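Accompanying notes for the structure given below.
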Amino acid sequence: MKLRVVLVEPRYEGNVGAVARSMKNFGFNDLVLVRPCDIGSFGMAMAAHAKDILQSAKSVDRLEDALEGVNLIVGTTGKRLSRDHHHLRLHLRVPFLTPSELAERLRDKDGTVALLLGREDWGLTNDELMACDVLVSIPTSDEYPVMNLSHAATVLLYELGQVDSTLEIRLAGRDMLERIYESTDHLLRIINYPEHKIRYVVLMLRRIFGRAELTEREANTLLGVIKKAIWKVEGEEDQAPSE
Ligand SMILES: C[S@@+](CC[C@H](N)C(=O)[O-])C[C@H]1O[C@@H](n2cnc3c(N)ncnc32)[C@H](O)[C@@H]1O
């Protein structure tokens, strides 16, 4: 398992430096910053012996660019009991894990996992959280659940640093998953599935497959089955006598 830490619009250079330091402490080095604040001497000082990670961090304008080549997107939040998050949990059934549960799930998996950490003031938006395959929340006190960005990163990196990846099973790439969703959409259309339900079914598939952490082999098999069904329906349409 390879880990990419993605900080979304960090506002304080000290936090960015402290995250870089923790990354090096636990053996990670892939840091991507989405529209970050300027990072000057204070940020560098906070990075201490991890200045190299800060210097090689990639800055991008769009979250999508930070997720290039990623197999699994993990979102983080301290606000786990709000109504909005209940919505995410109940309706979309995005799994809500503790850091050690996440580490357990990633054991023996091969692929790139993006760990998304949010803004110091707002965290991650609901749309950003909804785009995640898995959500993680560090169990903290109900009285004050929200941690400092770099402290939260440290707890998560500690757990992910313990993940044993000796027997690696390759996770499906997101491009392969996108092909499954597109093909399913196409298949539903050609069998005249009710138009208004198609979007919902495809969204549901996204959630199910997001939770399932499909391997490359499983995704390939599924795509093969869907393609075969499309081919069959289209073949029969071609052969049907015209009216
Ligand atoms: C200061 S917090 C964001 C505060 C914002 N008001 C909120 O509640 O989302 C900054 C980031 O730290 C991480 N974070 C803070 N507390 C956390 C917790 N208990 N579990 C997981 N991540 C946490 C999340 O990435 C969050 O977006």
Side-chain angles (χ1 to χ4, degrees), residues 1 3-26 28 30-39 42-43 46-47 50 53-54 57-60 62-67 70 72-89 92 94-106 112-163 210-211:
M1 192 256 316
L3 186 77
R4 176 176 306 164
V5 176
V6 178
L7 302 186
V8 181
E9 294 191 311
R11 294 189 48 187
Y12 302 112
E13 56 174 315
N15 279 337
V16 182
V19 169
R21 179 176 184 159
S22 286
M23 286 177 64
K24 196 153 186 169
N25 287 143
F26 297 107
F28 301 109
D30 184 1
L31 176 62
V32 179
L33 309 171
V34 183
R35 294 184 296 274
C37 55
D38 289 337
I39 295 161
F42 182 57
M46 289 298 281
I53 294 187
L54 215 45
K58 207 168 131 190
S59 285
V60 296
R62 300 176 324 149
L63 179 56
E64 298 92 287
D65 298 330
L67 300 175
V70 161
L72 191 81
I73 309 174
V74 178
T76 59
T77 175
K79 286 202 308 188
R80 58 196 173 279
L81 294 175
S82 76
R83 282 186 49 167
D84 283 347
H85 292 85
H86 261 312
H87 174 80
L88 287 173
R89 292 168 77 171
L92 292 172
V94 182
F96 227 78
L97 307 176
T98 63
S100 57
E101 286 167 344
L102 174 69
E104 180 55 31
R105 279 212 185 194
L106 296 178
T112 302
V113 175
L115 182 69
L116 264 56
L117 291 134
R119 305 152 184 86
E120 288 90 338
D121 45 0
W122 292 105
L124 295 168
T125 63
N126 277 346
D127 282 351
E128 287 162 351
L129 288 170
M130 266 173 21
C132 295
D133 299 310
V134 175
L135 296 180
V136 185
S137 196
I138 302 163
T140 38
S141 103
D142 287 339
E143 195 188 336
Y144 193 13
V146 177
M147 298 170 75
N148 164 273
L149 169 64
S150 70
H151 297 177
T154 304
V155 172
L156 293 158
L157 294 171
Y158 163 73
E159 285 291 349
L160 295 173
Q162 313 300 307
V163 173
R211 289 201 301 272

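All figures in this text were calculated on a predicted structure; none of them were measured in a lab. Counting starts at 1 for both ligands and their atoms, following the listed order. We use all heavy atoms of the structure for the numbers below, so side chains are in, but hydrogens, waters and symmetry mates are not.
- Against a heavy-atom cut-off of under 4.0 Å, S137 is close to the following atoms of ligand 1: 20 (N), 21 (C).
- Not one N or O of N148 is nearer than 3.5 Å to an N or O of ligand 1, by distance alone.
- A search for side-chain contact (heavy atoms from CB on, under 4.5 Å) contacts involving E9 returns R35, R119, not counting sequence neighbours.
- Looking at ligand 1, you'll find an N or O of G118 within less than 3.5 Å of one of its N or O atoms.
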Original post:
Are V136 and F96 close enough, and set up right, to give a side chain to side chain contact (heavy atoms under 4.5 Å, CB included), and what steps lead you there?
Top reply: CA-CA 6 Å; V136 185; F96 227 78; over 6 Å; no
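- Salt bridge R211/D133: absent, no basic N to carboxylate O contact under 4.0 Å.
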**OP:** Assess whether side chain to side chain contact (heavy atoms under 4.5 Å, CB included) is satisfied between T76 and L135, documenting all intermediate values.
**Re:** CA-CA 6 Å; T76 59; L135 296 180; over 6 Å; no
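- Residue-to-ligand polar distances keep E120 apart from ligand 1: every N/O pair is separated by 3.5 Å or more.
- The nearest pair of heavy atoms linking L102 to L97 is CA-CD1, 3.9 Å.
- Residue V146 has at least one heavy-atom neighbour below 4.0 Å for each of these atoms of ligand 1: 1 (C), 2 (S), 4 (C), 8 (O), 16 (N).
- For D127 and T125, the side-chain atoms include no donor-acceptor pair closer than 3.5 Å.
- Heavy-atom proximity to atom 18 (C) of ligand 1, evaluated over G78, A152, A153, is greatest for G78.
- At least one heavy atom of D121 lies less than 4.0 angstrom from ligand 1.
- Annotation: side-chain contact (heavy atoms from CB on, under 4.5 Å) contacts of D30 (sequence neighbours excluded): R4, V32.
- Using a 4.0 Å cut-off to heavy atoms of T76, the atoms of ligand 1 that qualify are 22 (N), 24 (C), 25 (O).
- For R119, the closest heavy-atom approach to ligand 1 falls below 4.0 Å.
- A donor-acceptor contact shorter than 3.5 Å is absent between the side chain of E13 and the backbone of I39.
- Contacts of T140 with ligand 1, taken as heavy-atom pairs under 4.0 Å, involve the side chain alone.
- Ligand 1 has no N or O atom lying under 3.5 Å from any N or O atom of L156, backbone or side chain.
- Note: an N/O pair closer than 3.5 Å links I138 and ligand 1 by distance alone.
- With a 4.0 Å heavy-atom cut-off, ligand 1 is reached by the backbone of P145 but not by any atom from C-beta on.
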Subject >> side chain to side chain contact (heavy atoms under 4.5 Å, CB included) between L72 and V74, intermediate numbers included >> reply: CA-CA 6 Å; L72 191 81; V74 178; 4.1 Å; yes
